Every structure is written in C-alpha cells, then in structure tokens.
There are 2 protein chains.
Amino acid sequence: MNTKEITVQRLAWAQLDEAARREALARPAQSRNDELRVGVERIIEAVRKGGDAALRELSATYDHCTLDAIEVGAAEFDAAEATLAPALKAAIHEAAARIETFHRATAPQPAGVDTAPGVRVERMLRPITRVGLYVPAGTAPLPSTALMLGVPARIAGCREVVLCSPARADGQCDAAVLYAARVTGVHKVFKLGGAQAIAAMAYGTASVPGCDKLFGPGNAWVTEAKLQVSSDPEGAAIDMPAGPSEVLVIADAQANPVFVAADLLSQAEHGPDSQVILLSDSDALLDSVEREVQRQCAELPRAEIAVQALSRSRLIRVASLDQAVQVSNRYAPEHLILQVADPRALLNGIDSAGSVFLGAWTPESVGDYCSGSNHVLPTYGYARSYSGVSVASFQKQITVQQLSAEGLRAIGPCTAILAAAEQLEAHRRAVTLRLAALGDDVLVPPSTENVA
Amino acid sequence: MNTKEITVQRLAWAQLDEAARREALARPAQSRNDELRVGVERIIEAVRKGGDAALRELSATYDHCTLDAIEVGAAEFDAAEATLAPALKAAIHEAAARIETFHRATAPQPAGVDTAPGVRVERMLRPITRVGLYVPAGTAPLPSTALMLGVPARIAGCREVVLCSPARADGQCDAAVLYAARVTGVHKVFKLGGAQAIAAMAYGTASVPGCDKLFGPGNAWVTEAKLQVSSDPEGAAIDMPAGPSEVLVIADAQANPVFVAADLLSQAEHGPDSQVILLSDSDALLDSVEREVQRQCAELPRAEIAVQALSRSRLIRVASLDQAVQVSNRYAPEHLILQVADPRALLNGIDSAGSVFLGAWTPESVGDYCSGSNHVLPTYGYARSYSGVSVASFQKQITVQQLSAEGLRAIGPCTAILAAAEQLEAHRRAVTLRLAALGDDVLVPPSTENVA
C-alpha cells in the first residue's frame with residue numbers, strides 16, 4: 001500500500017471565514033437519490049406482497065445465497081458455537097456483562113409525585129413489545145452490534161426480540177453474530193440482510209414477526225428502508241437516522257501522537273466516507289500526528305479504505321481548547337475523544353456528541369466493544385438532537401394519574417377555567433359534572449366570561 | 001342541534017372475526033396526499049429562499065393578516081397580560097407549577113458506574129440547544145400547549161426556546177398563549193402559523209432562529225411540514241408523528257355513566273376525526289352511557305363536531321376486563337381511562353398507551369391542563385413505540401468513559417479480541433499500542449487466528 005497518497009487537510013480555524021468554516025465541518029452530502037429510493041420501495045412492496053417467497057428470491061439476488069429455512073435453527077446455533085475460539089466466546093460474554101452493567105445503571109426508573117393533595121401522577125415504564133434488530137455483515141460481520149442491541153432489549157423486557165443479519169453465500173450467518181445473539185437472549189434470528197430484512201421486520205411475513213421498532217446500523221439500502229418504513233404509520237418506528245461514522249479528537253501539546261494517530265485510523269478504517277477531524281492548539285502535535293498517521297496506516301490491512309477516509313479528514317489548528325470545544329459542539333461528532341491534560345475540565349462545555357472518551361488510556365475502540373456504553377450513536381450532526389441507543393430506546397414512558405375526590409376538588413377549578421379559555425366546553429363539563437356529583441358548588445364561569 | 005343524528009356503533013368483541021376486529025379498531029386513513037405534500041414543499045422552499053419576506057407573504061395569504069414585526073415585542077406581551085382575567089392568569093400559573101412539579105420529578109438524572117476497576121462510564125445530560133415550539137390556534141388558541149412544551153424546555157435548560165403561534169386577522173397572537181409563553185420563560189415568540197412556521201424554525205430566517213428540534217401539535221399542514229423537515233438532515237428533528245386525538249375508556253358495571261359519557265364527549269369535541277372507543281363488560285353500562293351521550297351532547301356548543309366524531313365511535317361489549325385490556329393494548333390509545341372498581345389491578349396489564357386516567361374522579365381533561373402530566377402524546381397507534389413529551393424530549397443523553405491505565409489493562413484484551421474478530425485491525429491497535437506503551441506484553445492474537 002502506497003501511503004504517500006495520504007494528503008491530510010491542514011487548516012487554521014482563526015483564518016477561516018464563515019463559509020470556509022462551514023466547509024471545514026461539512027459532511028459528505030447524503031443524497032437520497034431516486035434510484036435508491038425507488039429500488040427500496042420495490043423491495044418493500046415485494047416483501048409485503050410476496051412474504052417469505054419474496055425474501056428467498058431477494059436473498060438469492062442480493063446475498064447470492066439459497067435459503068432453506070429463513071430462521072436460524074437450534075442446530076445452527078450449536079454448530080456456530082462449536083466453531084468459535086474459546087477466547088472469542090469469553091470476550092463476547094465479558095463484553096455483554098459490562099454492557100449490561102452500564103445499561104442497567106442508566107436505565108430509566110419509574111417515578112411519581114403528588115402534584116396536589118389527592119393528585120397522584122406517575123410515570124411507568126413498559127417495554128416496546130416487539131423489536132427488530134439489524135446486524136450488518138458487509139465488509140465484516142459485527143457481533144458487537146448484536147450485543148449493543150440485544151442487551152438493552154433484554155433489560156427493557158421486550159417480549160419479542162427479532163434479529164436479522166445477512167447470510168453468506170453458503171446460507172449461514174456469521175458464527176460470532178449467532179453466538180452473541182444467543183448470549184443476549186434474542187428470541188429469533190433470521191438470515192436476512194438489506195432492505196428486505198427491514199421490510200420483513202416492519203410488516204411481518206409468515207416467518208418473520210412484524211415489529212414495532214427497528215434498530216441498528218446498515219448500508220445505504222438499509223438506511224433508506226428504515227426511513228421509508230418509519231414514515232409509514234403501518235410500518236415501524238426506528239432508532240435514529242444514520243450517516244457515515246465519524247470521530248473528532250481534541251488533543252493538546254501533551255497528547256501522545258502515537259495514540260492520537262491510532263484513534264484517527266481506527267475511525268478511518270470503517271469506510272471510505274468515515275469522517276476524521278483533529279483539533280489542536282499545538283502545531284507540533286498536529287505535525288507529529290500527521291507523521292504518525294502516515295507511518296501506522298502503512299501497516300493496516302484496510303489501509304486502502306483508511307487512505308480514502310483520511311483524504312477527506314481535517315487537522316485543524318485552533319487558538320485554544322475553548323475554541324476547540326466550540327468547534328466540536330458545532331460539528332456534533334458521533335465520537336469525541338479528549339486527549340488533553342484535564343479532559344473533565346473540557347467536558348463541562350460539551351453540548352453535543354454521541355459518546356465521549358477521556359484521556360490517554362481511553363481509545364474509542366473500547367466504546368465500540370466493551371467499556372459498557374452503547375456504540376449505536378447519532379452520526380451526521382444528529383447528535384444535536386438525538387441520543388445513542390439505551391434501555392430507554394426499547395421502552396415507552398406512560399404517564400398515569402389518579403385523583404381522589406379531594407384531588408378533583410383541588411385541581412378541578414383550574415382545569416375548568418383553562419378548558420373554558422380554550423372553548424372546550426365538554427372538557428370543562430367532565431370536571432364540573434363530577435364536582436356537582438360531589439355536592440360542590442360549581443363556581444367556574446362559562447367560557448365566554450373568562451376574558452375580562 | 002339535532003342530536004338524534006348520533007348513531008353510535010355497538011359491537012360485541014367475541015362475535016367479531018379477525019377482519020372485523022381490525023376494522024373495529026381501525027383509525028381513519030392518514031393519506032399523505034400529493035396536493036398537501038407538494039403544497040408544503042413549496043411553502044418550505046419559499047421560506048428557505050425568501051426568509052422573512054416570504055413569511056409575511058404567506059401570513060397574508062393563509063392567516064389573512066398583515067404582519068408588522070414577526071416577533072412579538074415586550075409591549076405586546078404587556079398588552080396581552082392586561083386583557084386577561086385574573087382567574088385565568090392564576091390558573092395558568094397554577095397549571096405551570098404542577099406541570100413543573102411532575103416534570104422535575106420524572107426528569108432523567110445523570111448516572112454512572114465503574115464497569116471494571118479503572119473503567120468509569122457515565123451518562124451525562126445536555127439540553128438540546130435550540131428548540132422550536134408550535135402552538136396551534138385553529139378552532140381555538142391553546143395556551144395549555146404553550147405550558148406543556150415551555151415548562152419541560154425550561155427544566156431541560158434549552159438555551160434558545162422559540163415559540164410560533166398563528167396571528168389572528170388583527171395581527172396579534174392570542175393573549176393567553178402569550179401569557180403562558182412568558183410564564184414558562186420562552187425566549188422568543190413569533191406570530192407565525194402553519195407550514196411556514198415549521199419551515200422558519202427548521203431552517204431559520206433573519207428573524208426566526210433555526211432550531212435543532214421542533215415540538216407540538218398542529219393541523220395537516222403543520223404535521224406534513226414537520227415530517228418533511230425531519231427527513232432532511234439540514235432540517236430539524238421532531239417530537240413524534242401525529243394523528244387525530246383519541247380516547248379509549250374501559251368501564252365496568254359500577255362506573256358512573258354520566259362521567260363516562262362526559263369523558264367520551266370531551267374527546268369527541270376536539271374534532272370530527274377524533275376517535276372515541278368505550279369497552280365494557282356490562283351491557284347495562286353501555287346502554288346507559290349511550291343515553292347519557294345523547295343527552296349531554298345536545299347541550300354542547302361544539303355538538304356538531306362531537307356528533308361527527310361520535311358517528312365513528314364504537315361501544316364494544318367485551319367478555320371480561322382482561323379482554324378489555326387486550327383490546328386496549330392492541331389499539332394503543334393516546335388517552336386511556338380506567339373507570340373500574342380497581343383500576344390499579346388493570347394497570348399492570350397495560351402495555352401501550354400515551355397517558356392513563358384511573359378511577360371515577362380522574363377525567364381526561366385534568367391531564368390536558370393541570371394534573372402535571374404532559375398532554376403532547378402519541379396518537380394513531382404510535383403509543384406502541386413512542387412516549388409523550390417529557391423533559392427527556394428536550395435533552396440528549398451523552399455517554400462518557402474514562403479509563404485509567406489499570407482500566408485499559410482490564411478491558412483492553414477483550415476489546416482487542418472482538419476488534420480482531422470483526423477484522424478491524426486499527427481498532428485493535430488503538431488498544432495494543434497503548435498496552436505496549438504501558439510495558440505490557442501484548443498477547444492478543446491477530447485477527448486471522450481468532451476463529452478456531
């Protein structure tokens with residue numbers, strides 16, 4: 001691999017005008033082109049009409065495999081398990097345990113309060129009944145994604161947890177993905193990939209249960225299919241919109257350039273459109289990271305992918321770490337690494353990011369696998385308004401209220417006045433009829449007299 | 001009003017086949033017709049290109065008002081306040097206080113845990129920086145919606161809270177809406193309605209700040225505009241998809257038919273497409289509620305709307321209260337009222353609903369105004385996968401991890417094994433380079449040797 005091709009953009013934030021700043025933080029355009037849109041529409045329609053038969057046809061066409069049973073059977077799980085190295089099985093268990101620890105510790109709790117005497121108001125939690133998990137197996141299968149989705153689904157208590165992952169040409173799913181699915185207690189696994197997997201989980205077929213919400217990353221077809229089913233009331237909700245993976249690193253003069261370069265490369269190897277940004281207040285650090293990136297990249301098996309991603313990456317000189325935080329908030333990265341002397345001091349200023357990694361000993365890859373946090377995170381600037389997947393993503397929060405007669409006496413008049421102001425007389429009467437039944441004088445004026 | 005027109009459908013669940021059951025719980029089709037879609041696309045484009053000038057033109061066309069300033073000024077707030085009856089002002093404060101009490105009590109809390117020695121993993125909370133609230137003023141202005149959106153936005157600490165509500169023909173917003181906005185600390189209010197308000201908040205104009213997420217109910221134009229901006233990465237996220245409002249009541253033989261009828265009517269008066277369903281295991285109760293609905297409806301100023309809604313409503317005889325719970329879960333109502341002897345006993349079985357009202361003294365209208373729970377809730381079956389608006393809707397949950405050298409020693413090998421299994425060598429090296437720097441033997445096998 002000739003890594004001399006790597007040209008990393010160097011910029012100085014202070015010297016950029018507004019247009020250049022926007023350009024410096026621009027992500028690759030996400031064109032929802034018509035070909036993709038129509039192609040996915042056709043696949044969805046085929047699955048809705050043709051069910052399992054259509055799934056078999058589509059798998060033959062796109063995954064080049066002949067599916068016998070669409071669902072993975074117990075014997076296949078056993079066979080998969082038998083092929084795995086003990087160290088890998090142990091690592092899957094270890095990761096699952098830590099993901100469970102963190103997700104349990106941060107799971108929503110039921111809560112309630114009396115907002116007035118006799119007025120009890122609560123929030124209760126209920127699992128989303130049927131959830132569908134998608135685990136890609138494009139350049140490589142991702143057992144870690146099965147853990148990141150399966151563990152919180154189990155903690156939430158979802159009654160039916162379905163997982164789809166594309167089969168190889170031999171008609172089998174990746175052994176590690178199957179093992180991870182079993183470890184997390186997924187109920188059913190289907191050998192399905194692409195838009196057809198999403199369609200099957202959104203609408204259901206004879207084999208695949210229809211789901212209320214779909215989760216997980218995927219290629220452009222999967223992403224487009226998730227968008228389409230989520231805008232159809234008959235379809236399914238989705239975890240979040242998706243774009244290419246990305247990292248932003250803030251490093252100061254004391255950062256280890258070997259570590260910084262390794263973190264940039266671990267993002268860059270994801271795909272040619274991965275986004276990699278380094279901000280530093282030190283020219284020397286930027287220089288040494290650039291050299292280290294060149295050196296380390298040459299040794300990578302996926303160097304070709306990394307080089308493409310790096311050609312669009314940016315090393316940006318900032319005037320101060322405070323400015324770095326401002327730039328980061330503006331970009332709203334999926335992954336944010338703070339390799340600075342006092343990362344907690346910067347953390348206070350961070351407004352928007354998917355997941356943050358503090359200090360020299362916290363490479364982003366620990367979050368991808370086994371620190372315990374979730375790796376399904378908002379990309380493409382969606383970290384401004386979305387959060388990563390958590391137990392809450394698999395739950396609904398339902399509010400509950402119960403008034404005693406005393407409670408209605410306490411808040412009924414307020415309700416009646418506001419209902420009258422909104423000219424919703426039946427809303428008002430639902431209160432005043434009850435107060436009358438309690439024998440209370442109902443002194444609430446009718447709507448027309450509410451405004452002086 | 002001739003309420004003899006009211007014909008309420010009576011059904012017996014046990015006698016329905018699957019198709020009839022589906023039909024019995026069907027909601028009115030939500031057709032995203034092309035005219036609406038294209039009309040909204042044009043408005044959004046006009047606002048993106050024409051900014052404030054386009055907003056003035058569109059307001060003249062659709063709201064029939066000539067806007068001087070688009071933003072509501074301090075003098076207008078003062079004038080609005082002066083016109084309000086003291087009782088209404090007091091009710092707005094009272095409602096805001098209880099909404100605040102409940103929303104604070106159920107707000108997410110930061111959390112953290114050590115998932116291994118030296119591995120600290122946390123979830124921190126950050127407000128969504130810029131949020132846009134929409135308060136309709138169609139058949140009547142809705143100050144309560146300003147409270148339901150403004151209070152949680154303030155608790156979350158959003159830095160810029162913008163509110164749009166359509167102006168009347170005289171160019172002014174409703175006085176109660178303005179007062180409620182001021183009480184909740186909304187930063188800027190704009191006299192804008194419809195798709196143009198959504199476009200302005202999603203993309204920004206000279207006057208209106210662009211927002212990261214938009215909230216609130218609205219008519220078909222507002223709903224379509226929210227859908228369109230939320231599927232554009234340059235646009236804004238939204239709270240949830242929307243459909244007509246709805247209630248499902250489960251009542252047993254001991255329920256008070258006067259109260260049940262009043263609750264059904266308070267839903268029916270919302271709009272002709274409001275959904276009203278009553279489930280009971282008692283024929284006598286169904287009979288008496290039907291009579292009460294006829295009687296009470298005649299007295300309502302909005303009887304005409306209610307009659308239309310009731311003509312599509314259903315009174316369903318169920319075999320048992322357990323069956324009622326099953327039917328309710330299948331329907332997933334926005335509002336669920338349990339007027340039964342022991343409502344808490346049924347609550348355990350409830351899987352999907354927006355907000356639940358327990359017992360005889362808890363009319364749904366208290367939740368619309370001032371029990372403290374939020375009235376912006378999932379409709380149209382979205383309660384299967386979505387929750388109502390809460391403080392969490394205005395926040396992002398950001399995960400944070402910090403490893404000490406000891407922490408990396410503890411979980412680095414697990415990370416390296418999983419990265420190798422996924423053929424992500426740079427991910428593996430981001431760990432092994434660091435372990436090597438610590439002087440540790442790095443005994444993690446390369447990817448090719450991971451599978452036995």
Side-chain angles (χ1 to χ4, degrees), chain A residues 85 88 91 94 98 101-102 105-106 111 113 115 121 123 126 128 140 176 212-213 237 262-263 265-266 269 300-301 351 353 355-356 358 361-363 365-366 369-373 384-385 387 396-403 405 408 411 414-415 417-418 421-423 425-427 430 433 452, chain B residues 85 88 91 94 98 101-102 105-106 111 113 115 121 123 126 128 140 176 212-213 237 262-263 265-266 269 300-301 351 353 355-356 358 361-363 365-366 369-373 384-385 387 396-403 405 408 411 414-415 417-418 421-423 425-427 430 433 452:
Chain A
L88 180 53
E94 187 185 328
R98 268 197 299 276
T101 298
F102 176 70
T106 53
V113 65
T115 60
V121 192
R123 177 191 60 194
R126 289 292 184 271
I128 297 176
D212 302 311
K213 189 172 181 181
D263 292 342
L265 284 165
S266 80
E269 77 172 338
L300 292 177
D351 283 339
S355 193
V356 189
L358 304 184
W361 306 110
T362 317
S365 51
V366 299
Y369 294 110
C370 66
S371 65
S373 68
R384 288 184 201 103
S385 47
S387 308
K396 297 153 301 195
Q397 306 191 348
I398 302 177
T399 51
V400 179
Q401 44 253 293
Q402 183 163 25
L403 275 59
L408 189 65
I411 75 169
C414 177
T415 303
I417 290 170
L418 289 167
E422 295 187 354
Q423 297 167 39
E425 178 63 11
H427 283 61
L433 275 173
Chain B
L88 179 53
E94 189 186 326
R98 268 197 299 276
T101 298
F102 176 69
T106 53
V113 65
T115 60
V121 193
R123 176 191 61 193
R126 290 290 185 271
I128 297 176
D212 301 311
K213 189 171 181 181
D263 291 343
L265 285 165
S266 81
E269 77 171 339
L300 292 178
D351 283 340
S355 193
V356 189
L358 304 183
W361 307 111
T362 317
S365 52
V366 298
Y369 295 111
C370 65
S371 64
S373 68
R384 289 184 201 102
S385 47
S387 309
K396 296 153 303 194
Q397 305 191 350
I398 302 177
T399 51
V400 179
Q401 45 253 291
Q402 183 163 27
L403 275 58
L408 189 66
I411 75 169
C414 177
T415 303
I417 289 170
L418 289 167
E422 296 187 354
Q423 297 165 40
E425 178 64 11
H427 283 61
L433 275 172

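In what follows, every chain begins at residue 1, and chains take the letters A, B, ... in the order their sequences are listed. Owing to the predicted nature of the structure, the values given are computational and were not obtained by experimental measurement.
For the options B:D263, B:I128, B:T106, B:T101, heavy-atom pairs under 4.5 Å to chain A are most numerous at B:T106. Among A:C414, A:C370, A:A111, the residue making the largest number of heavy-atom pairs under 4.5 Å with chain B is A:C414. Contact count against chain B (heavy-atom pairs under 4.5 Å) is highest for A:E269 among A:R98, A:E269, A:Q402, A:R123. For chain A, the option among B:V400, B:L408, B:L265 with the highest count of heavy-atom pairs below 4.5 Å is B:V400.
Nearest heavy-atom pair, A:A430 versus B:A262, reported as atom, atom and distance to 0.1 Å: CA-CB, 3.9 Å. Closest of all the heavy-atom pairs between A:S387 and B:K396 is OG-CA, 3.3 Å. Contact detail for A:K213 and B:S385: the closest heavy-atom pair is CB-CB, 4.4 Å. In plain terms, the two heavy atoms of A:E422 and B:A140 that are nearest each other are O-CB, 3.2 Å.
Contacts of A:A176 with chain B are absent, with no heavy-atom separation under 4.5 Å from either backbone or side chain. Only the side chain of B:V113 comes within less than 4.5 Å of a heavy atom of chain A; its backbone N, CA, C and O stay farther away. Interface remark: A:V121 contributes backbone and side-chain atoms alike to the contact with chain B (heavy atom separation under 4.5 Å).
With contacts defined as side-chain heavy-atom distances shorter than 4.5 Å, the pair B:L418/A:L88 qualifies.
Residues satisfying the side chain to side chain donor-acceptor pair (under 3.5 Å) test with A:S373, not counting sequence neighbours, are A:S371, B:Q401.
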